[in-house]
Amino acid sequence: MGRTPKTNVCRRLSRRALGFFTRDAGVVQRTNLGILRALVCQESTKFKNVWTTHSKSPIAYERGRIYFDNYRCCVSSVASEPRKIYEMPKCSKAEKIEDALLWECPVGEIFPNPSDYKTSLIALTAHNWLLRISATTGEILEKIYLASYCKFRYLSWDTPQEVIAVKSAQNKGSAGARQAGTQQPGLLYLAVFRVLPFSLVGILEINKKVFTNVTDATLSHGILIVMFSSGLVRLYSFQAIIEQFMQQKLDLGCACSQGGTTGTVGEAPLGIPCNVKITDSPSPLFEVSSLENAFQIGGHPWHYIITPNKKKQKGVFHICALKDNSLARNGIQEMECCSLESDWIYFHPDASGRIIHVGPNQVKVLKLSEVENNSSQHQISEDFVIWANREDRNENLITVTASGRVVKRNFNLLDDDPEQETFKIVDYEDELDLLSVVAVTQIDAEGKAHLDFHCNEYGTLLKSIPLVESWDVVRIHWILSWKSFLYRCHLLEHVRISPDSPVP
């Protein structure tokens, strides 16, 4: 039997209008995304610039919203032309928003206020206030004063859409205090909250008295990750640390006395006292040594990627099993490229357990699978490779001396030579299941870039879109996720749907 022909876009739209896809949950959504992917990738689809703006401050993007002026101005990128959703009043430098996360109401949760069901922006200000801001009006719905004993600067999800971690800047301490040997405050602090309604889990102090040569720490999925100057990375159970080292349970809005000061938890001037202080070295769940503390976990079953902790091993990646630290078969991956910028590797965001390894002229997608007749061991193999479009530029240069003698010498260009097409960005779009690759070629004084859409399953090139602006301009403003590019796909000009338009 031959391959079943794919239904074209017109037929799918007709079937959707008649309700042919409503019997199974999720089918309509998958159908819509299939239509969108077909429109984006078909050859007749053209893109054009519909709006241009400039900003002195960094530009952020999240789910169809573009943020300017340190999140004070919000613009929708979904409309036919971007429109302003709201603009918050001007504020002082101390009140500016330094970092923010977009929170969306989880399904099945019951909240006390109707506004709690709407999307919110969780923002951290320069003067240590944690705000919950309406994503549609810019109104401040909740505010919490964190503390005055450190400078909080970074927001991240511990558990996405459920638990946030607020990390402080590192406290280096004064030189005079270090020489005198007086007690210094913690190197950094982590404030952890459950979201909506806001409730405090605890504020954790990371200090050098317990962790000695610690350089940084972060929290992810209930795991405290601590990095040391020696290259060591240790993982701890955050819940176990809370249970063992919490000095006092604190509730937002309740009265509290700390160091002779009485106030309300979460309100100025008291804020939230540090209530989790580690006094003894906790037992680590896992530890490994890696160059520059580079460490990633992923795959099925769990594996991790490190670079051996030696400078000469830079660019060499080891893929090992988490359960017993055994190296996977073919688990040493090295691009063997001669370039100024290092190649990089990471687990594929599509949760397939695959691995993406990116170099200047190739993108390797690797798969992790069991060794035949040995289910306890795993191996790494190539799923597919995307190659840059370039010619072999390694040449034998010929020189003729004054005496007429011919001298040949080899001349090898770098793999990321600017005159050759070089990969700069690789990203994954989960809803359309596309790999996007940005490739750049230096032409004269400017670099020309193009955005390529590849099939995430097979690596097939589906569409290439040249970027009008030079790469020097594009890379400065490549802050917006290319997903915003797709959210505005209904702005396509000259889209023609013919009976032969296939749906991938």
Side-chain angles (χ1 to χ4, degrees), residues 26 156-163 165 217-228 231-241 282-309 313 315-335 343-359 362-386 426-431 433-435 454-459:
S156 63
W157 290 110
D158 172 30
T159 304
Q161 302 297 320
E162 294 181 15
V163 181
T218 189
L219 191 65
S220 177
H221 293 83
I223 301 297
L224 176 65
I225 304 169
V226 181
M227 288 150 275
F228 299 83
L232 189 67
V233 180
R234 283 182 177 159
L235 277 59
Y236 302 89
S237 167
F238 182 68
Q239 182 61 35
I241 289 175
S283 300
L285 300 174
F286 178 82
E287 67 176 49
V288 68
S289 183
S290 179
L291 186 66
E292 300 175 349
N293 300 117
F295 172 69
Q296 303 175 60
I297 295 180
H300 305 296
W302 294 113
H303 278 67
Y304 63 87
I305 303 175
I306 62 167
T307 295
N309 197 12
Q313 292 288 305
V316 179
F317 304 100
H318 287 204
I319 304 168
C320 307
L322 189 64
K323 63 177 182 180
D324 57 7
N325 297 318
S326 61
L327 183 69
R329 183 179 293 183
N330 196 30
I332 300 178
Q333 292 292 317
E334 185 176 6
M335 192 71 75
D343 50 318
W344 67 95
I345 193 169
Y346 57 97
F347 285 100
H348 201 307
D350 69 352
S352 63
R354 295 183 296 174
I355 297 167
I356 298 178
H357 189 181
V358 185
Q362 58 182 305
V363 178
K364 286 185 179 180
V365 177
L366 311 171
K367 61 182 178 181
L368 183 67
S369 58
E370 291 183 356
V371 175
E372 190 174 356
N373 301 325
N374 186 1
S375 59
S376 62
Q377 188 179 9
H378 289 75
Q379 63 184 0
I380 304 296
S381 57
E382 285 185 4
D383 198 9
F384 60 82
V385 180
I386 300 172
V426 177
D427 199 4
Y428 172 64
E429 211 301 307
D430 56 344
E431 293 182 328
D433 199 29
L434 292 174
L435 270 181
H454 291 265
C455 171
N456 181 51
E457 186 175 1
Y458 302 110

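Keep in mind the model is a prediction, meaning the values are calculated, not measured. Starting from 1, each residue takes its place in the sequence as its number.
Residues Phe286 and Ile225 fail the side-chain proximity criterion, which asks for heavy atoms closer than 4.5 Å. Contact check for Leu368 versus Phe347: no side-chain heavy atoms found under the 4.5 Å cut-off. A 4.5 Å side-chain heavy-atom check between Glu287 and Leu235 finds every atom pair outside the cut-off. Using a 4.5 Å heavy-atom cutoff, the side chains of Val385 and Val365 are not in contact. Contact annotation: the side chain of Gln377 never approaches that of Ser326 to less than 4.5 Å [non-hydrogen atoms, C-beta and beyond].
The heavy-atom pair separating Leu291 from Asn309 by the smallest distance is CA-OD1, 3.5 Å. Across Gly222 and Asp158, no two heavy atoms sit closer than the pair N-OD1, 2.8 Å. For the pair Gly459 and His454, the tightest heavy-atom approach, listed with the atom from each and the gap, is O-ND1, 3.1 Å. Between Ala328 and Ile380 the shortest heavy-atom distance is CB-CG1, 4.2 Å. Minimum interatomic distance between Glu370 and Ser375 (heavy atoms only, all atoms of both residues): OE1-CB, 3.6 Å. Of all non-hydrogen atoms in Ala321 and Asp324, the two that sit nearest each other are CB-OD1, 3.4 Å.
With hydrogens and angles disregarded, no donor-acceptor distance shorter than 3.5 Å links the side chain of Thr159 to the backbone of Val163. Side-chain atoms of His300 come within 3.5 Å of backbone atoms of Ala351 as a donor-acceptor pair (strictly under, hydrogens ignored). Listed for the Asn293 side chain is a donor-acceptor partner under 3.5 Å among the backbone atoms of Leu232. Of the possible donor and acceptor atoms, one in the side chain of Ser290 sits under 3.5 Å from a partner among the backbone N and O of Thr307. In this structure, the side chain of His357 does not engage the main chain of Ile345 through any donor-acceptor pair within 3.5 Å. Checked by atom type and distance alone, the side chain of Asn456 never pairs as donor or acceptor with a backbone atom of Leu435 at under 3.5 Å.
A search for ring pair (Phe, Tyr, Trp, His ring centres under 6.0 Å) contacts involving His348 returns Tyr428, not counting sequence neighbours.
Atom OG of Ser381 sits about 7.5 Å away from atom CG of Leu366, to the nearest 0.5 Å. Between Phe317 atom CZ and Ile332 atom CD1 the span is 12.5 Å, to the nearest 0.5 Å. The NE2 atom of His221 sits 9.5 Å away from the CD atom of Glu162 when rounded to the nearest 0.5 Å. Note: Glu382 CD to Lys367 NZ = 10.5 Å, rounded to the nearest 0.5 Å. For the atom pair OG of Ser283 and OH of Tyr236, the computed distance is 9.0 Å after rounding to the nearest 0.5 Å. Atom CG of Asp383 and atom CZ of Arg354 lie 5.0 Å apart (nearest 0.5 Å).
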Worked check of side chain to side chain contact (heavy atoms under 4.5 Å, CB included) between Asn330 and Gln379:
CA-CA 6 Å; Asn330 196 30; Gln379 63 184 0; 5.6 Å; no

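Classification of the Phe295-Tyr304 ring pair by plane angle, with boundaries at 30° and 60°, yields tilted.
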